[in-house]
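First the structure, in the form of C-alpha cells, and then the observations on it.
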There are 2 protein chains.
Amino acid sequence: MKAALSNHPSPALRPSLTASAQAVFRTLVADGPATRPQIGALLDLSRPTMSAAMGELERLGFVEKVGESQGSLGRKAALYRAGHEAGHVVAVDAGSTHVRLRVSTLDRRLLHSRTYRLPSNHKVMDEEISLAVAEEFEAANAEREPAWGPLRAIGIALPARVVRPGSGDTASTRQDRLFTHFTPPPDLPLILENNVNCAAVAERFYGVARGEEDFAYIQIGLKLGMGLMLGGRLVRGRNGAAGEIGHIAFPLAPGLSPAAGEIETYLGTEALMERVLGAWSEDAGAAPADASELFALAAAGHVQALDAVRRHAEDIGALVATCVAVVDPGLVVLGGGVGTSPLLLPTVPELAARLSYPVTVRSSTLGSDATVLGIERLAAEQAMEGLMSDGARTENSSH
Amino acid sequence: MKAALSNHPSPALRPSLTASAQAVFRTLVADGPATRPQIGALLDLSRPTMSAAMGELERLGFVEKVGESQGSLGRKAALYRAGHEAGHVVAVDAGSTHVRLRVSTLDRRLLHSRTYRLPSNHKVMDEEISLAVAEEFEAANAEREPAWGPLRAIGIALPARVVRPGSGDTASTRQDRLFTHFTPPPDLPLILENNVNCAAVAERFYGVARGEEDFAYIQIGLKLGMGLMLGGRLVRGRNGAAGEIGHIAFPLAPGLSPAAGEIETYLGTEALMERVLGAWSEDAGAAPADASELFALAAAGHVQALDAVRRHAEDIGALVATCVAVVDPGLVVLGGGVGTSPLLLPTVPELAARLSYPVTVRSSTLGSDATVLGIERLAAEQAMEGLMSDGARTENSSH
DNA sequence: CGCTTATGTTAGGCATGTTAACAAACAAAA
DNA sequence: TTTTGTTTGTTAACATGCCTAACATAAGCG
C-alpha cells in the first residue's frame, strides 16, 4: 500500500516511464507491431499522449519504427515494434529427456533456438540436466549478435516443484542442483518455474485456452501434474505444490489407507500398461508395446484396447472431477502423452459432470513446445516489468 | 482495459471522488476511526491532500468528526469515522436451522441484530427459509432509525451453491427460491454468497486466518464444504462450485466406482455416528447420542471414542491432503460442528503432510456467527464500491 | 488542383498530486 | 506565566500527466 497513491517520483529511484508509455510498450510487446492510432484506440489515449509516450519509448530505444501502414484513405501511419534496447530473453525447458532453449525478443521474435536430447531419462532434476543447461546456455551465448540488444532475463522450466524464496521450504525441492554446473549471470532476473505451470501459461496465450482467465491444464503421461490458472494468474501455492495432483489421497475408500503419490503411480503410463498387458488375452492379437500403440489400437477399433482406454478415461475423469470439486475451473486442458488422446474427450467431461460439476475439456495441441513457450512468456513478462520499473537504467546491461 | 488510463471524468458519469478521497474512505471503513495524520502516514499522502480528501468526504457526509486525539506533544488531531451518508448494510445468514440478521454501518458498528430459529431443519434452501428471511428483513426495516443513514446493500448467505449471473447455469442452483416470499428493494446491490465462503471471509478478517492472503476454510459437520481464499480473493469457480469438496471423487480406488457426493455422506456426521454405534462394544459404556457426545467422551480419554475420533481425523486428513495437493493453500482452518474439535489438530496436519505437503491447520473460533459476519463484510465492501464509483449520488437512497 | 480524410504536433487547460511556508494549538520546560 | 519545540492543519506555488482544440502534414480521389 505504501506510496501506492503518490504522484511524485521516488527520490531514490531514477525517473521512470509515464503510465501511458508503459501501457503502450506493454501492448506492443503483447500484441506485436502496431500503429499509434491502433494503440491509442485500444488504450483510449489521445494523439498527443501517444506522441509523448512514443517519444519517451523511442528515445530510450524501447520501440522503433519498423514501417508504415496505409489505410484506404488519408495519411499513412507509422508502424512501431519493440526496439533494440528492449532486448531479449533466454528461455530454457530443462526437461527430463530434452533441454530446449529459445532466445527471443520480448515481443516473441525468435532469435535462436536449440534442442539437446539427454542421453538417458532422468525422473528428477539432477546434475546431468544442470550440465546440459550450462552447455546450451553457453552455446546460445556464443551465437549472440549485437542486434539482439541486451539480455533482459533468463527463464528456466524445471520438472520439479519450484519454491519461491520467502514461501515454503526451498531446500526440500532440490532446485539448487540446477546450479551445480550452471551459473547464471548475476544482476539478471532469473525465473524458475515448474514445467507444467509453464505449459499452462503456453495454453493460455497460444493454445486451446487462449484468453481464458480460469482453467486447469492437466498433464497425464508418465507422471501427473496440473497447472492452475485462476483470474489470469498461476496458482503456485505456499510450497509451490499447487497442482501436484500426483499427491491426491489415493486409494480413498472406507477401510483403505492412502499412500503418498500413489495415484501418480496408478494413473501413470507404466502402471497403465502393466494393467493392460496383465489382462491381455491370447485372441486379442499382438499386445501393444507402449501407451501410444495402445491408443492407436483403440483408435482403430480394437475392442480390448478400447475397453482399456475407456477404463483409463474413467479414472482420469474421476481425477478431473476431484479437481473440479475443489476449484471449479470451468475449463480443463488435457496434455501429456496420454492426456492428449482424443479418445479421452467424450468420457472425461461426462464423468466429471456426473461426479461433480460441468466442465469443458479440450486436448492440448501445442505438443512438446508448450513448456519452452510458457517459460519464454514468463521470462518476457518479467523482463518487461523490470524495464518498466526502472526505465532509465539501460547502460549497464550485457551485450 | 478501456479508459483505464484516462484522467478526465467520463462525461456520462457524475463527478466521482478523487483517488485519495476513495483511499481515505476505504481505510476509515476498514480500520475504524482514525486521525488525518494516521491515515496520511498509512497511505503516504501529504497533509494538503489529506485536507482536500477529508473536505470532499465531509461535504458529502461520508465521514464525520467524532472526537479528538491528543498525542504526547503538540496540537491534537481530529478523529474521523464513516459518516451518516455512508449508510448501513443488512446482512442475513439464511441458514438451514437459523436465520441470523445483522444491521451495521460500513465500518462495522452494529446497529441491530436478530436471530430466528427455524421450526425444523432444512437441508436445502426452500420456501420456509425465504419466508423467514422476508419476515426478519421486514422486522429490521421497522426498527430502522434515521441516524442509520441510507441502506446501501443487502447481503444474504445461502447454504447452497451460488452462481453469479453470466457464469455457469443459474437455474441449477434453485437460488431463485429465496425470492418466493422475499422481495429485495430494487435499485439496491444484493449480494448472494455461499455460506461457507462467507465463513471463510470472516476467518480472514476476524478469525484465525486474520490477514492471510491464502488459505482454505474447511467445514466438517453434517455436510462438507470449503471456502477457498487465494491472493486475498474468494475463489468461486465457473459454476460457483469451487470448494464443493463433498463432490470429490469417492470411493477412489482400483476397481471401485466413485459416486456423486459420496464422500459427503461418508464423512458427514450421520454416517460417522452410524459407523461408531455399529462398532460400539458392550463393555465400552453408554454409547454417545451424537457427535458432540462422542468427542466429549474422547476428550475425557474414553478409549473406544478416541479410536473412532482418530479414524475420523485420518479420513479428514486424507481429504485435506487432497485439497493441499490441488491448491497448496499453506493454511487450513477447520470449522463446523466436528471440524472445530481440537482432537483433530494433531492428526490432520500430520496426515496431510505425509500424503502431500506441509500445511498449518487451525480450528475456527468464530462459532455460529462466522457466516453472518462474513456476508456483512462482503455487503459492506460492495456498498463501499458503489459509493466510490458514483460518489455524488446521495439523494435517492431510502431512509 | 483542391477536397476529404487520417495522422501527428503545438498550445492551453485541468485534475490531482506535490513541497514550502505559515498559522494554530498544545505539553513541557524555564 | 512565559517561552519553546512539536504536531496539526491551511495556503500558495508548482509539477505531472493527461485532456481538448486547433493547426500542420500527408495521403487518395474526383
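Within every chain, numbering begins at 1; the chains are lettered A, B, ... in the order of the sequence lines, protein sequences first and strands thereafter. Since we're looking at a predicted model, the values are computed, not measured.
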For this session: Could you pull out the closest heavy-atom pair between V63(B) and L28(B), with the gap in Å?
Result: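 Looking at all heavy atoms of both residues, the closest pair is CG1-CD1, 3.6 Å.
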Exercise. Among pairs that include at least one residue of residues 58-71 of chain A, which meet salt bridge (charged side-chain N to carboxylate O under 4.0 Å, His left out), considering only residues two or more places apart or in two chains?
Worked result: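 For residues 58-71 of chain A: E64(A)-R81(A), K65(A)-E68(A), E68(A)-K76(A).
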Exercise. Please, which pairs that meet salt bridge (charged side-chain N to carboxylate O under 4.0 Å, His left out) have at least one residue in residues 201-211 of chain A, sequence neighbours excluded?
Worked result: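 Non-adjacent pairs meeting salt bridge (charged side-chain N to carboxylate O under 4.0 Å, His left out): R204(A)-E213(A).
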Exercise. R47(B): what forms a salt bridge (charged side-chain N to carboxylate O under 4.0 Å, His left out) with it, not counting sequence neighbours?
Worked result: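 For R47(B), no residue satisfies salt bridge (charged side-chain N to carboxylate O under 4.0 Å, His left out) once neighbours in sequence are set aside.
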For this session: Quick one: list whatever passes salt bridge (charged side-chain N to carboxylate O under 4.0 Å, His left out) with R108(B), sequence neighbours left out.
Result: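 Residues passing salt bridge (charged side-chain N to carboxylate O under 4.0 Å, His left out) with R108(B): E376(B).
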Candidates [options] - which lies nearest the side chain of [X]:
| X | options | answer |
| --- | --- | --- |
| T49(B) | dG8(C), dC19(D), dG17(C) | dG17(C) |
| A78(B) | dG9(D), dG8(C), dA21(D) | dG9(D) |
| P48(A) | dC18(D), dC19(D), dA12(D) | dC19(D) |

Exercise. Can you name the side chain to side chain donor-acceptor pair (under 3.5 Å) partners of D214(B), sequence neighbours left out?
Worked result: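 Side chain to side chain donor-acceptor pair (under 3.5 Å) check on D214(B) returns nothing, list empty.
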For this session: Check every strand shown and say whether T18(A) touches a base, only sugar-phosphate, or nothing at a heavy-atom separation below 4.0 Å.
Result: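 T18(A): backbone/sugar contact only, no base atoms under 4.0 Å.
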For this session: Taking only the side-chain nitrogens and oxygens of S46(B), find out if one of them lies under 4.0 Å from OP1 or OP2 of dT19(C).
Result: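 Negative; the distance criterion is not met.
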Exercise. Could you state the CD-P distance from Q38(A) to dG8(C), rounded to the nearest angstrom?
Worked result: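 So the CD-P distance, Q38(A) to dG8(C), works out to 10 Å.
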Exercise. Want to settle it: does Y80(B) or A21(A) sit nearer the 5' end of DNA chain D, counting the closest nucleotide to each?
Worked result: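 Closest to the 5' end, via its nearest nucleotide, is Y80(B).
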Write out a two-atom table: protein N or O, nucleotide N or O from nucleotides 27-30 of chain D, distance below 3.5 Å.
| from | atom 1 | to | atom 2 | distance (Å) |
| --- | --- | --- | --- | --- |
| dA27(D) | OP1 | K76(A) | NZ | 3.2 |

